[in-house]
Every structure is written in C-alpha cells, then in structure tokens.
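Here's the structure, in structure tokens; my notes come after.
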Amino acid sequence: MLSEAYWRSAFAGIKRTTSKLDINESQRLKVFHHALIHAGGQRSPWSICEDCSEFFTFDRDKARSYAARGAEPPECGPVDPSQFTIFAAAAWEHVFGRWPATVQQPEVDDSCDLCAKKIYRGEVAVGHLTKERFERLRADGIVDNAPLSPPRPEGEHWVACVVCLNRILAKSHRAKTRPE
C-alpha cells in the first residue's frame, strides 16, 4: 500500500476504464476513496509477478521463500488507509494531473533527477546515485536513460525517487539471479 508505483498502475487502469464515462470531479474522488478502502481492506497476501515487483520495496529472496513454501508472510492483512493515502494521492496526481482535493498535499521538497517526479516533504527512501554507481548501472543495462539534469554540485550525485529506486533494485536483482 506504500507504493506510489503500484497506485500509479492501479489508477492508470481506472483512468482507462472511466475515460469513456462522463463523470465529474466529485465522482472521481469517490472512485479514489473506494480504491483506498478496497485495497487497504484486503486480508490475503499478494502474489506479485516479476515485472510488478518493480513497484515495491521488499526482500525478494525472503518473499520467494514464503511463496515456495506456500506460507503467508507475517505482515499480511488489512491496512488503515491513513497510512498510505499520501502515496495514492501522489499517484493520482501523476495519472490524473491533479492532487485529489480530499487529501492534504504536503510541500514539495525536491524532484527526482531521473524521472522529474515531485518528492514531497517527509517522503522516505530517496536515494543518491553517485556518477560512478550510475555509470555502472548503465553499463550493466539496469538504467536505460541518462539523468534529466547534471549531477548535483554538493556531492556529484543524482537524487532518485523511491519509484526509480525500486525499479533499479528489481532490475539489479533480476540481473544477479538470471541464469547464465
């Protein structure tokens, strides 16, 4: 529930479904609210395909172990929407072009140098990629594109949002576990 990338994917599907309907902003906000209630109320663990694993931060080897044993991870169960609404709202803004009026919008602290995503105050897991690390990631085929800006002068690095970091982590993990 704490994954903006997951919410982006979910809301993109909702946008495709509702784009042909003539719904007003109030109705869209009800869709947003119902999506939060539905997703947060799920009790069963999620099975995540390799491509969608890029949406989340998790220990991939541990998750694979639970799946192989058919065991349920201890962290499963319903989640109070107040714990993840901010991530869903940021995704809503990305997909629909505006922040949902029913959610208090935090101040923007920064932006990602890889995708230009707004990084809001209090957002966690923002990473710094040094020039050397970034070049290794490009050479290994983990990162496809150059950063959108030059390195930050205060440390010769780029700031990456959690969406980009999760994508990099998933691709790095796949590259390490890929059979030769």
Side-chain angles (χ1 to χ4, degrees), residues 1-19 21 23-42 45-60 63 75-129 134 137 142-149 152 157-173:
M1 299 291 86
L2 306 180
S3 168
E4 182 180 335
Y6 159 75
W7 286 108
R8 285 180 181 189
S9 176
F11 292 145
I14 288 172
K15 185 176 183 179
R16 282 189 303 276
T17 304
T18 61
S19 66
L21 303 175
I23 63 174
N24 62 34
E25 188 62 21
S26 174
Q27 292 167 316
R28 271 204 174 88
L29 289 173
K30 285 180 184 176
V31 169
F32 175 77
H33 176 73
H34 288 299
L36 299 184
I37 298 301
H38 174 73
Q42 294 180 20
W46 291 5
S47 292
I48 303 168
C49 73
E50 195 64 43
D51 289 340
C52 293
S53 74
E54 293 181 12
F55 297 166
F56 306 97
T57 303
F58 64 98
D59 182 329
R60 286 161 168 72
E75 307 87 33
C76 292
V79 180
D80 180 353
S82 68
Q83 295 179 16
F84 61 83
T85 300
I86 199 80
F87 302 99
W92 186 268
E93 176 186 43
H94 179 81
V95 172
F96 289 97
R98 65 192 162 287
W99 192 267
T102 55
V103 180
Q104 171 95 27
Q105 185 174 14
E107 290 184 42
V108 175
D109 261 354
D110 210 338
S111 65
C112 178
D113 293 326
L114 306 183
C115 73
K117 173 194 158 346
K118 295 176 187 172
I119 299 173
Y120 290 100
R121 177 160 291 149
E123 200 168 329
V124 294
V126 174
H128 295 127
L129 296 172
F134 190 83
L137 290 168
I142 305 299
V143 177
D144 300 325
N145 302 317
L148 302 174
S149 60
R152 305 230 176 169
H157 67 274
W158 289 280
V159 170
C161 68
V162 70
V163 174
C164 288
L165 286 176
N166 283 343
R167 187 176 311 113
I168 289 168
L169 289 171
K171 287 181 175 182
S172 294
H173 187 264

Q: Measure centre to centre between the rings of Tyr6 and Phe87, then say whether the value is under 6.0 Å.
A: no

Q. Which value, rounded to the nearest 0.5 Å, describes the distance between Leu114 atom CG and Arg167 atom CZ?
A. 8.5 Å

Q) Just how far is it from atom OG of Ser172 to atom CD1 of Ile142, taken to the nearest 0.5 Å? A) 4.0 Å

(Q) Using every non-hydrogen atom in the two residues, find where Val159 and Ser111 come nearest and quote the distance to one decimal. (A) CG1-O, 4.2 Å

Q | Polar side-chain atom of Asp113 near backbone of Leu148 as donor-acceptor pair, under 3.5 Å | A | no

Q: Compare every heavy atom of Ala91 with every heavy atom of Arg8, then report the nearest pair and how far apart it is.
A: N-CB, 3.4 Å

**Q.** Nearest heavy atoms of Phe32 and Pro100, plus distance in Å
**A.** CZ-CG, 3.9 Å

Q) In terms of ring plane angle, is the pair Trp92 and Phe11 parallel, tilted or perpendicular, where the classes change at 30° and 60°? A) perpendicular

Q) What distance do Trp158 atom CH2 and His128 atom NE2 have between them, rounded to the nearest 0.5 Å? A) 13.0 Å

(Q) If the threshold is 4.0 Å, N to carboxylate O, is there a salt bridge linking Arg152 and Asp110? (A) yes

Q. For the rings on Trp7 and Phe55, is their centre-to-centre separation under 6.0 Å?
A. no

Q. Is there a side-chain contact between Asn166 and Glu54, using heavy atoms and a 4.5 Å cut-off?
A. no

Q: Please list, chain by chain and in numerical order, all residues satisfying side-chain contact (heavy atoms from CB on, under 4.5 Å) with Lys118, sequence neighbours excluded.
A: Glu93, Val108, Tyr120

(Q) I need the minimum non-hydrogen distance between Leu165 and Gly127, along with the two atoms involved. (A) CD1-N, 3.2 Å

Q) Are Ile37 and His33 close enough that some pair of their side-chain heavy atoms sits under 4.5 Å apart? A) yes

Q.
Checking the side chain of Lys117 only, and the main-chain atoms of Val163 only, is there a donor and an acceptor separated by less than 3.5 Å?
A. no

Q) Side-chain contact, heavy-atom cut-off 4.5 Å: Leu129 with Ile168? A) yes

Q. Is there a donor-acceptor pair closer than 3.5 Å between any side-chain N or O of Asp80 and the backbone N or O of Gln83?
A. no

(Q) I'd like to check the salt bridge (Lys or Arg N to Asp or Glu O under 4.0 Å) partners of Asp144; sequence neighbours left out, ordered by chain and number. (A) Lys171

Q. Where is the tightest heavy-atom contact between Cys115 and Cys112, given as atom of each residue plus distance?
A. N-SG, 3.5 Å

Q.
Contact between Cys52 and Ser9 at the side-chain level, heavy atoms closer than 4.5 Å - yes or no?
A. no

**Q.** Derivation of the side chain to side chain contact (heavy atoms under 4.5 Å, CB included) call for Thr102 and Leu29
**A.** CA-CA 7 Å; Thr102 55; Leu29 289 173; 4.0 Å; yes

Q. Between Ser53 and Ile48, which heavy-atom pair has the shortest distance, and what is it?
A. N-CG2, 3.5 Å

Q. Can you tell me how far CD of Glu4 sits from CZ of Phe84, rounded to the nearest 0.5 angstrom?
A. 14.0 Å

Q. Nearest 0.5 Å, what's the CZ-CG distance between Arg28 and Leu21?
A. 9.0 Å

Q | Reported NE2-to-CD1 distance for the pair His34 and Ile14, which is rounded to 0.5 angstrom | A | 11.0 Å

Q: Check the surroundings of atom NE2 in His38: do more than 12 heavy atoms from other residues, nucleotides or ligands lie under 6.0 Å from it?
A: no

